[in-house]
2 protein chains.
Amino acid sequence: MTDDRMSVREIAKLAGVSTATVSRVYRGVGSVSAATRAKVQAAIEQYGYRPSHLGEALANRRHGALAVVFPGLSGPYFAELINGVESVAVPRQVSVHVIGTHLRREAPDELLDVARRVDGMAIHGGTVPKTVIMELAARHPVVMIGPDPHPAPVVVRTDQQAFRLLVSHLLADHGLRKLVFVGNPEGSPDLTERWEAFAAAHAELGLRPGKQLRTGLEQTHGVQAADEVLAGGFDGAVCGNDETALGLMMAVLGRGLRVPGDLVITGVDDVPMSSLVSPGLTTVARPLAELGATATRLLLDLINGADVVPETVLPSRLVRRASCGCRD
Amino acid sequence: MTDDRMSVREIAKLAGVSTATVSRVYRGVGSVSAATRAKVQAAIEQYGYRPSHLGEALANRRHGALAVVFPGLSGPYFAELINGVESVAVPRQVSVHVIGTHLRREAPDELLDVARRVDGMAIHGGTVPKTVIMELAARHPVVMIGPDPHPAPVVVRTDQQAFRLLVSHLLADHGLRKLVFVGNPEGSPDLTERWEAFAAAHAELGLRPGKQLRTGLEQTHGVQAADEVLAGGFDGAVCGNDETALGLMMAVLGRGLRVPGDLVITGVDDVPMSSLVSPGLTTVARPLAELGATATRLLLDLINGADVVPETVLPSRLVRRASCGCRD
DNA sequence: TTGAAAGCGGTACCAT
DNA sequence: ATGGTACCGCTTTCAA
């Protein structure tokens, strides 16, 4: 239980070689005679020797770790993003610290501390104040995931075209005229962009923007928004993401009402649930895993001192299912 | 961007003192004259000096970090557990690595590697094979979260009494006679215990165990189980956790059926959604945050070489809401 | 109060 | 093919 691991020097002594040789054998580099290699291997296996990560990292001047900073970590959205991150980090042997700032009392200070333990960080838009990002970015490799109003060195994001298309679709094709935007743009760059696209789509048809109902981005928030949405006499609820949309849908169905009959509901992200529920959720598919993977790839490049394009925009795509009235 | 941080020696030189003094000032220990302290503080602030975590950890022979290993990371269950973990780790300045083994190709080997970067690990039951746990526990402080059939040094769990009570409640009070257990005991010690309690509650009333429908533990799995549950002609679905239950409920409502009218549904965990949906989900409340917090506290004790009780059992509680038919 | 120096556990350069 | 050795960045005796 107590961690009484062996050090290189001990293994070296036991195998009757130098620490340099042990290192060479363990990492499989340099040239070592078969005989010596065998001796060392034996010692390593006998004592279950694994080099201390600290010594290794200190000598390499590299932590072999990076941090991903999210506002929260609950839900399929972040899970998928993390999936993408790990898909490139794991094969490259770098470990990932997942940080959910909503848990931290003093997130900013906390992050400066996290920065001491990693080679770089990928930060989700809307998680930390401008000043912190700048302070961080000044000293460490930083990549932003999603839009952020702040001057960030490198950012990876998805476009908003499909979302605008979605709103136009509801307005033009389904003839809806009383849409409510469910989500709070404040503090979320993602939602700010969506709200703007929502308004733009209305303006394009000479319509007034529709109302905005400020809620959080989790399923529970969608459930809690139901009463207000229903009371507002809207014909469609354009939710900021799928989780809110699914929560809202659940609440609406639970009241014995029908979707899209009594209320059209749409989301954004196309999480797994969205294609499974009935009615299927009309939404905007975003390549979340790819978003995480790309951010990680760029971050790693940045860490390695490579030149990195400042902005990468990934495509999103409108997915029409039953909840908007397209089929049932 | 490139990480050109200063080292103690540089700060020491700039302040005209020794590295020892810089260290003393930064950490606020030992005695330093006010004048010297001021000089050093100035240098530290001017260059934004923060000691390298690696040097610090290497000298202290302590990573100041621990790992929490879960099967996955998605959903409110893990989010709440993590919340609990952080609630004790953060104040004590230890950072937390959250590992989701479902993402890792070769989880076992991966974990041995993670172990090199932390002082100890909290492992959720049912995530890694026996051999790995034993290998890990032999060398490092390990605490298991939730039941696990393997000989683990320290385990924190919740009891199954409320769950058994729940099943009895459905059987005895609501007179249900065709219950299906939704969840897969295989590979999940938690579900194994619940299945046993499910069977025991039936036996107690001289009834046959009811059927078992093997599914995963996520909301999507609940949705996907709907057809089979509905086709089976059951009067109640006892789900392995709330997420499955909520998914199932959503699918059932989406088909225009009623809960509990057409089907009684229950869960386990009492996640936030469960009290918000209509009908409210009857479930077993488990102190998830407390579970995570306790596991972390014990792990930290273990790391500090303290004696630790081998098993801690936290209470669970039956929460009757509308989905079982108790009110509507 | 302060500094010199010996580690902590590795890696890698430079000789041999 | 090996070994000696000088770091990596920080903490901490031990003296002064």
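Letters go in sequence order (proteins before strands), and every chain restarts at 1. The model shown is predicted, which means the values in this text are computed figures rather than measured ones.
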Nucleotide D:dA1, atom P - distance to NZ of A:K39 in whole Å: 15 Å
Within residues 15-30 of chain B: residues closer than 4.0 Å to DNA chain D (heavy atoms): B:T19, B:A20, B:S23, B:R27
Interatomic distance, B:M6 CE vs D:dC10 P [rounded to whole Å]: 10 Å
Side-chain donor/acceptor of A:T192 to backbone N/O of A:S188, under 3.5 Å: yes
Integer-rounded Å distance: D:dC10 P and A:R117 CZ: 14 Å
B:V8 side chain near B:Y26 side chain, heavy-atom distance below 4.5 Å: no
Check: B:S52/A:R116 side-chain N/O donor and acceptor closer than 3.5 Å: no
Sugar-phosphate only, base, or nothing, as touched by A:R37 at under 4.0 Å among non-hydrogen atoms: nothing
Closest-nucleotide 5' rank along DNA chain D - winner of A:R9 and A:S33: A:S33
Atom-pair distance (NE2 on B:H63; P on C:dC8), nearest Å: 15 Å
Gap between atoms CG and P, on B:L54 and D:dC8 respectively (whole Å): 14 Å
Touch class at under 4.0 angstrom, heavy-atom based, for B:V8 against every strand present: base
Test: B:R157 and B:E193 ion pair at under 4.0 Å: yes
Stepwise side-chain contact (heavy atoms from CB on, under 4.5 Å) check, B:E80 with B:D269: CA-CA 10 Å; B:E80 193 57 13; B:D269 283 343; over 6 Å; no
Whole-Å gap separating C1' (D:dC8) and CD (A:E56): 13 Å
Pairwise side-chain contact, B:E56 with B:H53, heavy-atom cut-off 4.5 Å (strictly under): yes
Heavy atoms of other groups near A:K39 NZ, more than 12 under 6.0 Å: yes
B:R61 CZ to D:dT13 C1', straight-line distance once rounded to whole Å: 14 Å
Of A:S7 and B:V32, the one whose closest DNA chain C nucleotide lies more 5': B:V32
Whole angstrom value for the distance that separates P of D:dC7 from CG of A:L58: 14 Å
